[in-house]
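First the structure, in the form of structure tokens, and then the observations on it.
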Amino acid sequence: MTELYHRNYIDGAWVDGGAGRLAVDDPATGEVFAEQAVADAADVDRAVASARACADSGVLAAMRPVERGRMVRKMGDYLLERVDEIAVLLTREAGKPLWESRIEVEGAARYFEYYGNQAETVEGRSIPLGANYLDFTVYEPFGVSAQIIPWNYPLEMTARSMSAALATGNACVVKTPELDPLTNAYLAEAAEAVGLPKGAVNILCGHGREAGAALASHPGVNQIVFTGSVATGVAIASAAAKNVVPCVLELGGKSAAIVHRDADLDTVLSSVRWGIYFNAGQVCSAMSRLLVHQDRRDEVTEAVAEIAKGLSVGPGVERTEFGPNMAAMVSEKQRDRAEAMCAEAQREGAVAAAGGRKLNRPGWFLEPTVFSGVSPDMTIAKEEVFGPVLSVLSFRDDEEAIRIANGTDYGLVGGVFTEDVDRAMRTAQQMRAGQIFVNEWYAGGVETPFGGYGKSGYGREKGREALWNYVQTKNVAIALRK
Ligand code: NAD
């Protein structure tokens, strides 16, 4: 028996799963400490029916938006009031340092604040058709929003979609990740605490191929948001297409930072620390490639290798404050996959300037890693590792830098480090990515739209752009009688 068992939240009640239970381990030790109910297709049916009934009742859509917005904002307050407790559970299930878990809980709360505030700003427009007509548009919620969540930010990713969906008057069915589903329970509690109607929020965990697939293909779903791998994204988009419903895909990346000859070294190093070692590199918008002007290559490579070597790696619960530290990866499988990619990189000729191996201790730890001598054709330069692994490449001129940066199938984010504003702007124009950082990786916030070019997906989450994922436009044209 484990100390903790979490049920699914369907139709306003905590229920066991039709597919039994799954074990949740602590990535710092590998030991199982909790169990989670596993939904089957029948559970998904019940959750969608509940959300459908809520949406069809019109209760959310009919509310004055400011009232709905206040409820959404209060869900964020609910999380903040429990930040310490949630952060501990998040660290236990996902492995991340405790200070990072706090950032994630605060980030989740921030989504509820931001989209709660936006609820009453979703205004239509009036379209002039001449004196004989009055024409206007209104935005209506799709109805039932299905959200399939990845394990790298389990709480924040649910908050991101759920807050915007609720603010615009949709009911939600969330499929949480198998590896770290536990903290999502706080969102169901929050929905209850703020008085959202039954069915507005349903949260269930289940296996991707069963519950995930059942949700993505469910005829009662009107709109889908997915974050995760390209292969699963393709399956979800195909299921959505069969039901003719829209979906937003936020997939992976192999994002590049271009370091020009005039770049400030400390600025670059601070961005490397966050860009590739935050959440042990398990971030879709991680800075996984550093493209350095050939004149600065050795100096920058040495300095980033020092950062990697200077990080203390160990259990997340012991890492309570921001500093030179990193914790476990989410699972043995992800860690071993990343380590295998490091071995492959070395076979292809890359040199490990730091790390490259797993830690010789229990738990799913990988050394913070830097590869030098990477060329654009190597696997490590093209495929997403989803771990704390930085590849350093070099370039001769601006044109080559852009060509290498744009030379993968992905296009999620990109960065440029230079003191020359013209060069920065030209680079921003030429990089094929949904978000460009100038002199600070991860600059931006909940307010700034986020999403990919190419195989990184389509649609945008965050910012005002994301609101339009959850509403459809209705035009009303009125012929005026003489
Ligand atoms: P995944 O895409 O398989 O899983 C993400 C979510 O989709 C999970 O909730 C999973 O249960 C669900 N899912 C899986 N198969 C499904 C299906 N057929 N239909 C519906 N839902 C399904 O990702 P993963 O296996 O957890 O990780 C594999 C790789 O994905 C990682 O190595 C990484 O490259 C990438 N990834 C990216 C992100 C991101 O933020 N972009 C997040 C997590 C993983």
Side-chain angles (χ1 to χ4, degrees), residues 8 17 19 22 24 27 36 38-41 44 94 96 104 146-158 160-161 173-181 184 203-218 221 224-243 247-255 278-286 288 329-341 364 366 379-380 382-389 408-413 434-435 450-452 454-459 461-462:
N8 292 324
L22 59 75
V24 181
Q36 165 69 47
V38 182
D40 62 7
V44 172
K96 53 189 78 189
E104 178 165 349
Q147 300 161 9
I148 298 176
I149 307 299
W151 44 258
N152 56 338
Y153 287 96
L155 187 72
E156 204 171 347
M157 294 301 94
T158 305
R160 179 166 90 177
S161 301
V173 180
V174 175
K175 210 293 279 172
T176 59
E178 299 94 312
L179 291 170
D180 46 15
N184 264 265
I203 298 181
L204 51 84
C205 184
H207 294 295
R209 276 195 300 268
E210 188 176 4
L215 182 58
S217 61
H218 203 291
V221 165
I224 305 174
V225 185
F226 170 74
T227 304
S229 63
V230 176
T232 306
V234 170
I236 284 171
S238 307
K242 284 192 185 127
N243 286 330
C247 67
V248 177
L249 298 182
E250 205 265 272
L251 311 177
K254 191 74 197 179
S255 302
F278 189 57
N279 207 26
Q282 301 165 118
V283 185
C284 41
S285 50
S288 49
M329 293 183 66
V330 75
S331 71
E332 184 173 26
K333 190 171 150 207
Q334 284 298 123
R335 195 274 313 273
D336 288 352
R337 177 179 169 276
E339 195 195 30
M341 288 185 77
W364 322 131
L366 187 76
T379 311
I380 198 77
K382 291 190 288 198
E383 289 184 11
E384 188 177 41
V385 178
F386 226 66
V389 180
T408 75
D409 292 341
Y410 292 110
L412 194 50
V413 304
Q435 190 169 25
F450 175 72
K455 291 246 167 38
S456 292
Y458 47 73
E461 286 276 80
K462 301 167 72 172

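Keep in mind that this is a model prediction, so the values were computed, not measured. Whatever order the structure lists them in is the order used to number ligands and atoms, beginning at 1. The residues of the chain are indexed from 1 along the displayed sequence.
- Annotation: side chain to side chain donor-acceptor pair (under 3.5 Å) contacts of Asp180 (sequence neighbours excluded): none.
- Around ligand 1 you find Ile148, Ile149, Pro150, Trp151, Asn152, Lys175, Pro177, Glu178, Gly208, Gly212, Ala213, Phe226, Thr227, Gly228, Ser229, Thr232, Ile236, Glu250, Leu251, Gly252, Cys284, Gln334, Arg337, Glu384, Phe386, each with a heavy-atom distance below 4.0 Å.
- Applying the ring-ring contact (aromatic ring centres under 6.0 Å, His included) criterion to Tyr410, with sequence neighbours excluded, gives no partner residue.
- By the neighbour-count criterion of 12 heavy atoms within 6.0 Å, atom NZ of Lys455 is sparsely surrounded, having that number or fewer from other residues, nucleotides or ligands.
- Rounding to the nearest 0.5 Å places CG of Leu251 at 8.5 Å from OH of Tyr458.
- The CG atom of Leu22 sits 5.0 Å away from atom SG of Cys205, with the distance rounded to the nearest 0.5 Å.
- Judged as a salt bridge (Lys or Arg N to Asp or Glu O under 4.0 Å), and not counting sequence neighbours, the contacts of Glu461 are Arg160.
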